[in-house]
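Written below as structure tokens is the structure these notes are about.
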Amino acid sequence: MATNAIDQTRRMLSLVTYLRERPGAHVQDVARAFGITEDELISDLDVLPMCGTSFRGGDLLDIDTDGDRIWWHNPDDVAEPLRLAADEATALLVAARAVATLPGLRESDRDALVRATAKLETAAGESGAASSRLSVTFEAEGGVFADVDRAISERRRLWLRYYSPARDELTEREVDPIRLFAVGHTYMEGWCRLSEARRTFRLDRVAEIRLLDAPAAPPELELRDLSAGLVQPAAEDPEVVIEVGTGGRWVAEYYPHDSAEELPDGGLRITLRTPDPASLRRLALRLGGDGRIVTPPELAYSAREAAREALAAYEDAV
């Protein structure tokens with residue numbers, strides 16, 4: 001399965017946390033935990049020694065492998081306190097503000113983060129002021145990944161508070177984890193005790209997680225073939241055409257599609273298939289002025305109506 005740079009970067013961030021807690025980990029075990037081949041893991045390990053704690057080099061990760069086990073020789077050196085330069089302080093401030101907006105964050109933790117951010121802004125001076133004009137979205141998966149991996153290895157049940165974008169709500173559920181895998185994002189496949197069915201959970205949507213003492217006992221299930229991706233549209237699924245501007249080109253990267261034709265203005269005309277076209281209305285709202293649904297016409301109409309309703313609700317609130 002092809003892996004793009006975003007997939008590999010996300011995976012390596014989790015890999016650093018994983019290896020720090022498991023000195024001398026076996027290549028086979030790590031590859032299985034991340035749902036990748038051993039060759040893909042070795043490729044990641046070839047890149048990690050070029051990474052470090054400074055944007056300008058130095059303090060690089062001293063990680064190597066003999067083909068069987070993986071060794072990290074300087075984890076304590078890399079963990080030493082840093083002296084932040086202006087650009088590094090800016091990046092940290094932007095990330096801190098993004099973390100403060102995550103759903104499910106405890107208010108006490110959010111308040112502590114806000115206070116720490118304010119102190120860093122004061123210390124950063126002009127750099128702190130410049131960072132207020134930047135924003136970023138990202139996935140905070142590392143800690144959740146470690147808990148899920150531990151639950152799988154110890155055969156323990158998990159309790160989750162999970163955000164469902166389709167319903168725009170947080171739900172609480174117990175899950176018997178089956179495996180971790182990465183397809184664009186990092187996912188856990190497990191047996192959900194709330195729905196009594198197999199479910200797939202995206203790690204960045206887990207607002208809170210806790211290991212339970214109850215043993216995990218998922219039923220015997222045949223693992224899905226993910227070589228063609230997590231979402232595998234069928235030929236008989238309805239066809240949807242979406243046109244996006246330059247700010248919406250990311251859609252072609254994150255959504256499986258039949259074709260993506262270049263448009264004169266730098267945008268794309270994307271043709272895809274989905275068993276549930278109505279699920280794309282949320283995508284249309286997210287794109288805003290950067291995209292529109294072209295066909296089918298009834299979906300385009302419902303997306304416009306949803307946008308009007310959202311705008312009216314906003315105006316009423318104001």
Side-chain angles (χ1 to χ4, degrees), residues 1-7 10 101 103 135-139 162-171 181-187 189 192 194-195 197-205 224-318:
M1 179 177 61
T3 301
N4 60 32
I6 294 176
D7 297 336
R10 181 181 296 114
T101 66
S135 63
V136 67
T137 58
F138 62 95
E139 295 174 276
Y162 186 75
Y163 174 69
S164 173
R167 296 189 296 273
D168 191 26
E169 66 179 9
L170 285 166
T171 59
F181 62 90
V183 181
H185 299 275
T186 307
Y187 296 86
E189 185 174 20
C192 176
L194 179 65
S195 58
R198 174 163 49 186
R199 291 289 184 266
T200 301
F201 302 92
R202 225 172 81 175
L203 297 197
D204 64 311
R205 292 176 178 163
R224 297 169 55 200
D225 179 9
L226 301 172
S227 59
L230 179 63
V231 180
Q232 301 175 19
E236 62 273 14
D237 287 342
E239 183 180 89
V240 178
V241 177
I242 301 174
E243 289 187 354
V244 300
T246 54
R249 292 178 66 94
W250 57 268
V251 174
E253 182 176 352
Y254 285 95
Y255 284 81
H257 56 276
D258 295 337
S259 65
E261 304 171 16
E262 293 285 346
L263 296 176
D265 63 356
L268 293 172
R269 183 181 177 90
I270 302 169
T271 302
L272 54 84
R273 295 181 182 277
T274 174
D276 182 19
S279 64
L280 294 178
R281 281 182 299 190
R282 182 175 293 274
L283 171 62
L285 291 174
R286 179 179 178 186
L287 286 168
D290 282 324
R292 68 186 184 94
I293 295 174
V294 180
T295 61
E298 59 272 18
L299 179 59
Y301 174 79
S302 66
R304 288 194 298 269
E305 288 300 301
R308 291 192 187 100
E309 292 173 2
L311 182 59
Y314 173 78
E315 290 175 344
D316 290 342
V318 174

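Small disclaimer: the values here were computed from a predicted structure and weren't measured. All residue numbers in this chain count up from 1 along the given sequence.
- Considering only heavy atoms from C-beta on, Val251 comes within 4.5 Å of Val244 through its side chain.
- Annotation for Cys192 and Arg199: closest pair CB-CG, 3.8 Å, computed over non-hydrogen atoms.
- Taking every heavy atom of both residues into account, Thr246 and Gly266 meet most closely at CG2-O, 3.5 Å.
- For the pair Arg273 and Asp258, the minimum side-chain heavy-atom distance is below 4.5 Å.
- Rounded to the nearest 0.5 Å, atoms CD1 (Ile270) and NE2 (His257) are 6.5 Å apart.
- Residues Ala284 and Ile293 come closest through the heavy atom pair CB-CD1, 3.9 Å.
- Contact of the Val241 side chain with the Arg269 side chain is registered, since non-hydrogen atoms from C-beta on lie closer than 4.5 Å.
- Checked by atom type and distance alone, the side chain of Tyr162 pairs as donor or acceptor with a backbone atom of Arg202 at under 3.5 Å.
- Phe181 and Tyr187 have parallel rings, their planes meeting at less than 30° on a 0 to 90° scale where 60° marks the start of perpendicular.
- Nearest approach of Leu287 to Gly248, heavy atoms of both residues: CD2-CA, 4.0 Å.
- Distance check: Thr271 OG1 to Glu239 CD gives 5.5 Å after rounding to the nearest 0.5 Å.
- For the pair Leu299 and Val240, the minimum side-chain heavy-atom distance is below 4.5 Å.
- Side-chain atoms of Arg308 do not come within 3.5 Å of backbone N or O of Ala303 as any donor-acceptor pair.
- Side-chain atoms of Arg249 and Glu262, non-hydrogen and from C-beta on, do get closer than 4.5 Å to each other.
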